[in-house]
Amino acid sequence: MDAVIGNLEYGRKQVLHGDHHVVITKEVKAAQGEHNPGTVFAVDDSGDLVPLDPAAYGTTQTVKCVLLEQTDTASVDAAPMCVHGPVKKSVLVDKDGTAVIDAVIADLEALTIYAV
């Protein structure tokens, strides 16, 4: 008998879908706040990896990867990121926690990060 009452997903399981992922630890810019798994990160015009800002998207920020674990950039300088493979579209957000727009999804797919 399987007595499962409920399931709780956290961290990487919250974001990754299926298998065949490439996950690497990437250096992130300090003092960018605390971010949840699924936050899309971008490179800014200074070359730093930062959480995607909808106001800067397409002008001074270029989409790069997806955060996999809760990260406070005040206390860490690197975080695990998905740089290839399928991720859950339902958890992809910008720095404010808002669902990302379709153009961001297209940019991720161009990088071989597939939102499903």
Side-chain angles (χ1 to χ4, degrees):
M1 179 165 117
D2 186 1
V4 175
I5 294 173
N7 291 314
L8 177 64
E9 293 185 351
Y10 58 93
R12 295 174 190 216
K13 286 184 177 183
Q14 224 176 340
V15 179
L16 299 177
H17 179 80
D19 56 12
H20 190 69
H21 304 98
V22 176
V23 174
I24 60 175
T25 300
K26 296 181 83 57
E27 187 175 328
V28 295
K29 185 174 183 178
Q32 297 297 302
E34 189 170 333
H35 300 284
N36 293 321
T39 302
V40 175
F41 270 65
V43 173
D44 66 12
D45 56 356
S46 300
D48 294 318
L49 193 61
V50 298
L52 181 66
D53 180 350
Y57 169 68
T59 56
T60 61
Q61 289 187 355
T62 305
V63 171
K64 277 297 177 202
C65 51
V66 178
L67 180 66
L68 295 179
E69 295 179 4
Q70 183 77 25
T71 301
D72 184 353
T73 59
S75 59
V76 300
D77 60 0
M81 303 282 183
C82 179
V83 296
H84 170 78
V87 295
K88 296 175 183 173
K89 182 178 182 179
S90 62
V91 300
L92 298 177
V93 295
D94 61 29
K95 74 173 195 154
D96 300 322
T98 303
V100 296
I101 60 174
D102 289 340
V104 171
I105 301 292
D107 287 349
L108 287 169
E109 289 183 356
L111 296 169
T112 68
I113 302 170
Y114 304 103
V116 293

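If you read the sequence from its start, that first residue is 1, and numbering goes on from there.
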Where at least one partner belongs to residues 92-101, residue pairs that pass salt bridge (charged side-chain N to carboxylate O under 4.0 Å, His left out), sequence neighbours excluded: Asp53-Lys95

Nearest-0.5 Å distance that lies between atom OG in Ser90 and atom CD in Gln14: 9.0 Å

ILVMFWY network linking Val87 to Val93, side-chain heavy atoms under 4.5 angstrom: no

From Asp45 atom CG to Thr62 atom OG1, the distance as rounded to the nearest 0.5 Å: 9.0 Å

Atom of Cys82, atom of Cys65 and distance for their closest heavy-atom approach: O-CB, 3.3 Å

Trace of the side-chain contact (heavy atoms from CB on, under 4.5 Å) decision for Asp48 with Gln32: CA-CA 11 Å; Asp48 294 318; Gln32 297 297 302; over 6 Å; no

Return all side-chain donor-acceptor pairs below 3.5 angstrom for residues 101-116, not counting sequence neighbours, or 'none' if the list is empty.
unit_1: Asp107; atom_1: OD2; unit_2: Tyr57; atom_2: OH; d: 2.5
unit_1: Thr112; atom_1: OG1; unit_2: His84; atom_2: ND1; d: 2.7

His21 and Pro86, any side-chain heavy atoms less than 4.5 Å apart: yes

ILVMFWY network linking Val100 to Val43, side-chain heavy atoms under 4.5 angstrom: no

Nearest heavy-atom neighbours spanning Leu67 and Val15: O-CG2, 3.9 Å

Side-chain touch His35/Val28, heavy atoms, less than 4.5 angstrom: no

Ala42 versus Leu52, closest heavy-atom pair with distance: CB-CD1, 4.0 Å

Closest contact, heavy atoms only, Thr71 versus Ala79: OG1-CB, 3.7 Å

Side-chain heavy-atom pair Met81, Leu49 within 4.5 angstrom cut-off: yes

Val63 with Val50, same ILVMFWY side-chain cluster at under 4.5 Å: no

Donor-acceptor pair between Asp44 and Gln61 side chains, under 3.5 angstrom: no

